[in-house]
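Throughout, numbering of the chain's residues begins at 1 and tracks the sequence.
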Amino acid sequence: MEAEKGTQNARIFAYSPGRYPILVVELAPGDLRTLYYETGYDPERSKPVTEEWMRENAVGRHSFVEVSPPHEVPAPALRDYVREELLEDL
């Protein structure tokens with residue numbers, strides 16, 4: 001089971017801009033979650049959300065940037081993705 005986690009892919013649907021981005025990712029079909037800088041983007045420490053929440057609250061109210069089409073990266077590489085793709089201008 002641990003080996004499966006290491007190769008799990010995450011689809012990034014949205015992120016919050018800024019120094020400590022929050023990601024909205026899909027870890028499995030229909031399993032949207034928020035992952036946080038403070039937890040090192042650890043899927044085990046994520047919070048489940050709905051697509052409706054992402055559209056109305058995150059993107060609609062809190063200026064998250066929607067990623068369309070979603071970027072797919074290995075789950076263990078989420079921290080690297082944030083550092084290389086989202087924080088390069090800071």
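Heavy-atom neighbours of E52 CD from other residues, nucleotides or ligands within 6.0 Å: at or below the threshold of 12.
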Throw together a table of side-chain donor-acceptor distances under 3.5 angstrom for residues 80-87, partners on residues two or more places apart or in other chains.
{"residue": "D80", "atom": "OD1", "partner": "R83", "partner atom": "NH1", "Å": "3.2"}
{"residue": "D80", "atom": "OD1", "partner": "R83", "partner atom": "NH2", "Å": "2.7"}
{"residue": "Y81", "atom": "OH", "partner": "H71", "partner atom": "ND1", "Å": "2.7"}

Contacts under 3.5 angstrom, residues 56-63 side chains, donor-acceptor by atom type, not counting sequence neighbours:
{"residue": "N57", "atom": "OD1", "partner": "H62", "partner atom": "NE2", "Å": "3.3"}

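Applying the side-chain contact (heavy atoms from CB on, under 4.5 Å) test to T34 and every residue at least two apart in sequence or in another chain returns I22, V24, Y36, K47, V49, W53. A search for side-chain hydrogen bond (donor to acceptor under 3.5 Å, both in side chains) contacts involving R33 returns D31, S46, not counting sequence neighbours. Residues satisfying the side-chain contact (heavy atoms from CB on, under 4.5 Å) criterion with R55, sequence neighbours excluded, are E51, E66.
The minimum heavy-atom distance linking F13 with P70 is given by the pair CE2-CG, 3.6 Å. The minimum heavy-atom distance between M54 and A14, with the atom names listed, is SD-CB, 4.1 Å.
Note: L27 CG to E44 CD = 9.5 Å, rounded to the nearest 0.5 Å. Rounding to the nearest 0.5 Å gives a distance of 5.5 Å between CG of L78 and CD1 of I12.
Note on residues 67-77: no pairs pass salt bridge (charged side-chain N to carboxylate O under 4.0 Å, His left out), not counting sequence neighbours.
Inter-residue side-chain proximity for L32 and P48 is flagged as unmet; no heavy-atom pair is nearer than 4.5 Å.
Hydrophobic clustering, with ILVMFWY side chains joined whenever heavy atoms are under 4.5 angstrom apart, groups V65 together with V73.
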